[in-house]
Amino acid sequence: MSYHNPVLLNASVDGLAIKENGVYVDVTFGGGGHSKEILSRLGPEGKLFAFDQDEDAMENVLDDDRFQLISENFRYITQFLKFYGVRKVDGILGDFGVSSHQFDVAERGFSTRFDADLDMRMSQKNTVSAYDVVNSYDYDDLRNVLFQYGDLRNANAMAKVIVASREESPIKTTEQLKQVLHQFLPGFKAHKILAQIYQAIRIEVNQEIEVIKEFLVQTENLINPGGRLSLISYHSLEDRLVKRYIRAGQFQGEPEKDLYGNIDVPFKKVGGLIVPSKDEIKENNRARSAKLRIAEKL
């Protein structure tokens, strides 16, 4: 699993309550760890579809007649499942965020450890890169990205510094971005703040929040009654969307109640929040912020 060490592997696949002849979807294939575990629990009549927009993930395709890897963003899940003649499934697994492979390949620009071009695209088909966000977004948009997606208290000042610096010359690399923002990266806090900056830009580049919203609202019509959602999030923005959708069937406000005070929602939660054990975090440090939520279609 050098490409990507799957997080909460057994717990997330257990959450699907797999039926041997069921149809399942892994919307974040990556290195194939979760998919392999799902296939190990399916019978000969079972079927697994997987999505991944990252061209590198196509090299990990599994040689199994029950498996189909789709090289697309999972925001298009309904469209592409229909292409394969599938309108209903028995469960969907999602492991959101960035894969270990994407962090570890320096030229992708995801990691704070390396100097690289400002890229951060999960798919090379994406026309917007981190370079575009940093060098062409106006002050207000840049400030909003840093504040909303990075939870950065100095978002206003950071945006001003970036805009002023790029007027002299474009900011082309991650190292140049660090140098531009060095005054906001004090000593022991530097790595944490830099990670928040990278997260904010990466989320904007890949439209990660919009993608998750679009995906979640499709699951209501895709999953059979009694089928499961098993979703792993890595930061509060993702987890909040998942939690609210499971609880209320929407992302803002409260669902309408009938005369008896009941609400009509598509899912019910199964169990409570699941987080990695100390042993898993010790073996895989990237699991430390993972949160797993499971829901069943009503």
Check: Looking at CE of M120 and OH of Y131, how far apart are the two atoms once the value is rounded to the nearest 0.5 Å?
Finding: 14.5 Å
Margin query: Determine whether E204 and I201 satisfy the following criterion, side chain to side chain contact (heavy atoms under 4.5 Å, CB included), listing intermediate values before the conclusion.
Written below: CA-CA 5 Å; E204 176 64 19; I201 296 171; 5.8 Å; no
Check: Do side-chain atoms of R244 reach the backbone of G253 as a donor and acceptor pair under 3.5 angstrom?
Finding: yes
Checklist line | Reported CZ-to-CD1 distance for the pair F96 and I212, which is rounded to 0.5 angstrom | finding: 4.5 Å
Checklist line | Sequence-distant partners of E72, side-chain hydrogen bond (donor to acceptor under 3.5 Å, both in side chains), two or more places apart | finding: none
Check: Have S236 and D239 got a donor and an acceptor in their side chains that come within less than 3.5 Å?
Finding: no
Note to self: Test of understanding: with salt bridge (charged side-chain N to carboxylate O under 4.0 Å, His left out), list the residues that count as partners of K243, not counting sequence neighbours.
What the structure shows: none
Margin query: Suppose we screen for side chain to side chain contact (heavy atoms under 4.5 Å, CB included). Which residues come up paired with R288, at least two apart in sequence or across chains?
Written below: I281, N285
Notebook entry, point to check: Side chains of D119 and Q124: closer than 4.5 Å at any heavy-atom pair?
Noted result: yes
Note to self: A quick test of your reading: do over 12 heavy atoms of other residues, nucleotides or ligands sit less than 6.0 Å from CZ of F83?
What the structure shows: no
Item checked: Under 3.5 Å donor-acceptor, D54 side chain and G30 backbone -> no
Next item on the list: Check for a donor-acceptor pair, side chain of N135 on one end and backbone N or O of K172 on the other, with a separation under 3.5 Å.
Entry: no
Next item on the list: Would you indicate whether K88, at its atom NZ, is surrounded by more than 12 heavy atoms from other residues, nucleotides or ligands within a distance under 6.0 Å?
Entry: yes
Notebook entry, point to check: So do the side chains of P266 and I223 get within less than 4.5 Å of each other, counting heavy atoms only?
Noted result: no
Check: Is atom CG of N262 surrounded by more than 12 heavy atoms (other residues, nucleotides or ligands) closer than 6.0 Å?
Finding: yes
Note to self: Tell me whether T219 contacts the main-chain N or O of L216 through its side chain, where contact means a donor paired with an acceptor under 3.5 Å.
What the structure shows: yes
Check: Should T174 and Y198 count as side-chain neighbours, where that means a heavy-atom distance under 4.5 Å?
Finding: yes
Next item on the list: Would you confirm whether R293, through its side chain, and V242, through its main-chain N or O, come within 3.5 Å as a donor-acceptor pair?
Entry: no
Checklist line | side-chain hydrogen bond (donor to acceptor under 3.5 Å, both in side chains) involving T78 - partner list, sequence neighbours excluded | finding: Q218
Check: Taking only residues two or more places apart in sequence, or in another chain, which ones meet E280 in a side-chain hydrogen bond (donor to acceptor under 3.5 Å, both in side chains)?
Finding: none
Check: What residues join L259 in its hydrophobic cluster, counting side-chain heavy atom gaps under 4.5 Å, either direct or through other members?
Finding: Y260
Check: Do L181 and I193 come close enough that some side-chain heavy atom pair is under 4.5 Å?
Finding: no
Note to self: Please find the pair of heavy atoms, one from A290 and one from V7, that lie closest to each other, and give the distance.
What the structure shows: CB-CG1, 3.6 Å
Check: Taking atom CD of E59 and atom CG of L69, what is their separation to the nearest 0.5 Å?
Finding: 11.5 Å
Item checked: Short side-chain to backbone donor-acceptor contact, S136 and D132, under 3.5 Å -> yes
Next item on the list: State, yes or no, whether a side-chain contact exists between N206 and N126 at a heavy-atom distance under 4.5 Å.
Entry: yes
Notebook entry, point to check: Under the salt bridge (charged side-chain N to carboxylate O under 4.0 Å, His left out) test, which residues partner E208, sequence neighbours left out?
Noted result: R202
Check: How is the hydrophobic cluster of L298 composed, in terms of its other members, when Ile, Leu, Val, Met, Phe, Trp and Tyr link through side-chain heavy atoms under 4.5 Å apart, directly or indirectly?
Finding: I263, V265
Item checked: Which residues share a side-chain hydrogen bond (donor to acceptor under 3.5 Å, both in side chains) with E214, sequence neighbours left out -> R75
Margin query: Can you tell me if E45 has over 12 outside heavy atoms packed within less than 6.0 Å of its CD?
Written below: no
Next item on the list: With F67 as reference, evaluate F49, Y84, F29 under the ring-ring contact (aromatic ring centres under 6.0 Å, His included) test and give the passing residue.
Entry: F29
Extract all donor-acceptor atom pairs below 3.5 Å that involve side chains of residues 17-28 and protein atoms in other chains or at least two apart in sequence.
unit_1, atom_1, unit_2, atom_2, d
K19, NZ, D90, OD1, 3.2
Y24, OH, K19, N, 2.7
D26, OD1, T28, N, 3.1
D26, OD2, S35, N, 3.4
D26, OD2, S35, OG, 2.8
T28, OG1, D95, N, 2.7
T28, OG1, D95, O, 3.4

Notebook entry, point to check: Tell me the salt bridge (charged side-chain N to carboxylate O under 4.0 Å, His left out) pairs involving residues 134-146, sequence neighbours left out?
Noted result: D140-R143
Note to self: Is it the case that over 12 heavy atoms from other parts of the model lie below 6.0 angstrom from the CD atom of Q183?
What the structure shows: yes
Item checked: Donor-acceptor contact present, side-chain S230 to main-chain L93, <3.5 Å -> no
Item checked: K160 NZ: over 12 foreign heavy atoms closer than 6.0 Å -> no
Item checked: Between NZ on residue K297 and CG on residue L229, distance to nearest 0.5 Å -> 10.0 Å
Checklist line | Polar side-chain atom of Q196 near backbone of G150 as donor-acceptor pair, under 3.5 Å | finding: yes
Item checked: Ring centres under 6.0 angstrom apart (F51, F215) -> no
Note to self: So does E254 get a backbone contact from the side chain of Q250, meaning a donor-acceptor N/O pair under 3.5 Å?
What the structure shows: yes
Item checked: V134 side chain near R166 side chain, heavy-atom distance below 4.5 Å -> no
Notebook entry, point to check: What pairs meet the ring-ring contact (aromatic ring centres under 6.0 Å, His included) rule with one or both residues in residues 138-195, with sequence neighbours excluded?
Noted result: none
Margin query: When you measure from the side chain of E37 to the backbone of L9, do you find a donor-acceptor pair of N or O atoms at a distance under 3.5 Å?
Written below: no
